[in-house]
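As structure tokens, the structure follows; a few thoughts come after it.
Note that these values count all heavy atoms, side chains included, but never hydrogens, waters or copies made by symmetry. Note on naming: letters A, B, ... go to the chains in the order of the sequence lines (proteins, then strands), and numbering restarts at 1 for each one.
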Amino acid sequence: MLDPKFVREHIDVVTKAIADKGEQADLGPFLELDARRRGILQQVESLKAQRNTVSDQIAQLKKQKSPDADAMIAEMREVGERIKAFDEELRAVEEKLSDATLSLPNIPDPSVPVGTSEKENVVDRVLGEERTFDFAPKPHWEIGEKLGIIDFERGVKMSGTRFYVLKGQGARLQRALISWMLDVHTREHGYAEVYPPYIVNHHCLVGTGQLPKFADNLYHDAEEDLWLIPTAEVPVTNLYRGETLDGQQLPVNHVAYTPCFRREKMSAGKDVRGIKRGHQFDKVELVKFCLPEKSAEELDKLVVNACEIPKRLGLRYRVVALCTADLTFASTKTYDIEVWAPGCNEWLEVSSCSNFGDFQARRASIKFKRDAKSKAEFVHTLNGSGLALPRTLIAVLENCQNADGTVSVPEVLKPYMGSDRIG
RNA sequence: GGAGAGUUGGCCGAGCUGGUUGAAGGCGCACGACUCGAAAUCGUGUAUGCCGUGAUGAACGGCAUCCGGGGUUCGAAUCCCUGACUCUCCGCCA
């Protein structure tokens, strides 16, 4: 969330940020509720101050066994009633204010291109060789079905649309990718591996920004009030919720492999073919906690670390700087990494690397101290996929396919696959 | 799932027959003294959030916080209700 003081004093900046992001948020309720809150607070606090001093006097009188306290007690009883009324009003206002505050999007970094749709995203760089084919490359759903490694029908039978089953070498290929990516990030890039819960309480989702606004897109167990994670970003960022980290230890870098669960309400009817968009998918996620002045630099490192994966898989990939309209609610700046899929003939987003500034750290209260004496400050948080599995799988299948319908295993995955080809 | 015990400041740990207890004592930490330096010792200090004044630095005043929420009371860390978590025993299980 944004610093309420900052919002109060920079209404124009926040208004522009909301407009540039194309968000629906309205500053009006926030400003009004904020003013009301402070008004009530002043009244109720002065009453409480009065009650505190008089109660002390009553205590003194009681000690001296003086019976004159009755009038004071009666008076304070009335003050108590007024305090109660104010407190109730205050609670109602604060509840609404909290909602209003949590619904304000983060402010884009000045370096982010202003735009009104994804068409205004800027391709920063295109890397890797494009594979040439002497036959017409097939889309992954054809390759997968023919090889018997992707079973759409049975997935739907068990769980409905947007579910599928990976079988045999298909399941193995996904597992190989996971293991290999974790090894690259832990051994070579210095990220510490984490195995987090896949089901979390609502505080976690408020912390990273999915709640309260995007509840529609999440799976929720109402009985226990627990939520299936839509990304490892949620549990991994919340590892340190409510904690103060040692500034000397920053940056803290984590990598986690988890499944992700999304209802995809917001993308209904989109990408219905193949395994590009499902309700359940796997992902290897990178998460960083760093000093505020280092987060721009850390974002660049994050992108480089994630790019190492398509690079070593021999894929054609590009880095796209998102414009303001395409930034997510919590992000200040985002680079997408996309890989070329010659079968479905499109660039697939396999990673979204974002700098959230102190937006998530404020919501989740993640702080650090530069040293023992200094005051606690909010860390900056960042994350990006490294990478998302189904789309990476798509890219491998489509780019490494052969004319006879088999798929050659990329060099880096051979030790993990135990074979050179699928089919 | 059943029964019981517990949850106090960075940590340990008093208080829990309601009233200078933001909270004893100890440890840790910071600064100072002593020392050539260090240890030991002594002294001082050592939470966070919010509101307000100041005007955005520091300072000062107020409110809140003894797991969370509610209640009783003039007044609650202390009493009552409720939720979460931890521990022990029993049951069950990968």
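Spacing between B:rG68 and B:rC11 at atom P, rounded to whole Å, works out to 14 Å. If you take atom C1' in B:rC27 and the same atom in B:rC81, they sit 37 Å apart, rounded to whole Å. For the P atoms, the distance linking B:rA33 with B:rU48 amounts to 26 Å, nearest Å. Taking the P atom of each, B:rC87 and B:rA76 are spaced 33 Å apart, rounded to whole Å. B:rC79 and B:rU88: their P atoms are spaced 26 Å apart (whole Å).
Residue pairs satisfying the ring-ring contact (aromatic ring centres under 6.0 Å, His included) criterion with at least one member in residues 5-32 of chain A, sequence neighbours excluded, are listed as follows: A:Phe6-A:His10.
Computed from coordinates, the A:Glu243 CD to B:rG10 P distance equals 13 Å when rounded to whole Å. For the pair A:Leu245 CG and B:rG10 P, the computed distance is 15 Å after rounding to whole Å. The CD1 atom of A:Ile40 sits 13 Å away from the P atom of B:rG52 (whole-angstrom rounding). The nearest whole Å value for the distance from the CZ atom in A:Arg241 to the P atom in B:rC67 is 19 Å. Taking atom NE2 of A:His203 as the reference point, atom P of B:rG69 lies 11 Å away to the nearest angstrom. Per the geometry, NZ belonging to A:Lys48 stands 15 Å off P belonging to B:rC51, to the nearest Å.
By the ring-ring contact (aromatic ring centres under 6.0 Å, His included) test, A:Phe163 pairs with A:His279, sequence neighbours left out. Evaluation of the side chain to side chain donor-acceptor pair (under 3.5 Å) rule for A:Asp183 yields A:Tyr416 as partners, not counting sequence neighbours.
The pair A:Glu243-A:Lys367 fails the salt-bridge criterion, with no side-chain N (NZ, NE, NH1 or NH2) lying under 4.0 Å from an Asp/Glu carboxylate O.
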Do any side-chain atoms of residues 321-332 of chain A form donor-acceptor pairs under 3.5 angstrom with protein atoms, and if so which ones, sequence neighbours left out?
from     : atom 1 : to       : atom 2 : distance (Å)
A:Thr324 : OG1    : A:Asp20  : O      : 2.9
A:Thr324 : OG1    : A:Gly115 : N      : 3.0
A:Thr324 : OG1    : A:Gly115 : O      : 3.2
A:Asp326 : OD2    : A:Asn121 : ND2    : 2.9
A:Ser331 : OG     : A:Lys333 : N      : 3.1
A:Ser331 : OG     : A:Lys333 : O      : 3.2
A:Ser331 : OG     : A:Thr334 : OG1    : 2.7
A:Thr332 : OG1    : A:Asn355 : O      : 2.7

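Applying the 4.0 Å criterion to OP1 and OP2 of B:rC50, one finds that A:Arg38 has every side-chain N and O outside that range. Proximity of A:Arg77 to the phosphate of B:rG75: no side-chain N or O atom is located under 4.0 Å from OP1 or OP2. Considering only side-chain N and O atoms, A:Asn52 lies under 4.0 angstrom from the phosphate OP1 or OP2 of B:rA64.
Side-chain contact check for A:Ile83 versus A:Arg51: some heavy-atom pair is nearer than 4.5 Å.
Within the 4.0 angstrom heavy-atom criterion, base atoms lie near A:Ile58.
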How does RNA chain B read in dot-bracket, base by base from 5' to 3', with Watson-Crick or G-U pairs under 3.5 Å and | used when the partner is on another strand?
-> ((((((((.[[[..)...(.....]]]((((((.......))))))(((((((.....))))))).[[[[[..)....]]]]])))))))....
Protein N or O to nucleotides 44-49 of chain B N or O, pairs below 3.5 Å:
from   : atom 1 : to       : atom 2 : distance (Å)
B:rG49 : OP1    : A:Lys367 : NZ     : 3.4

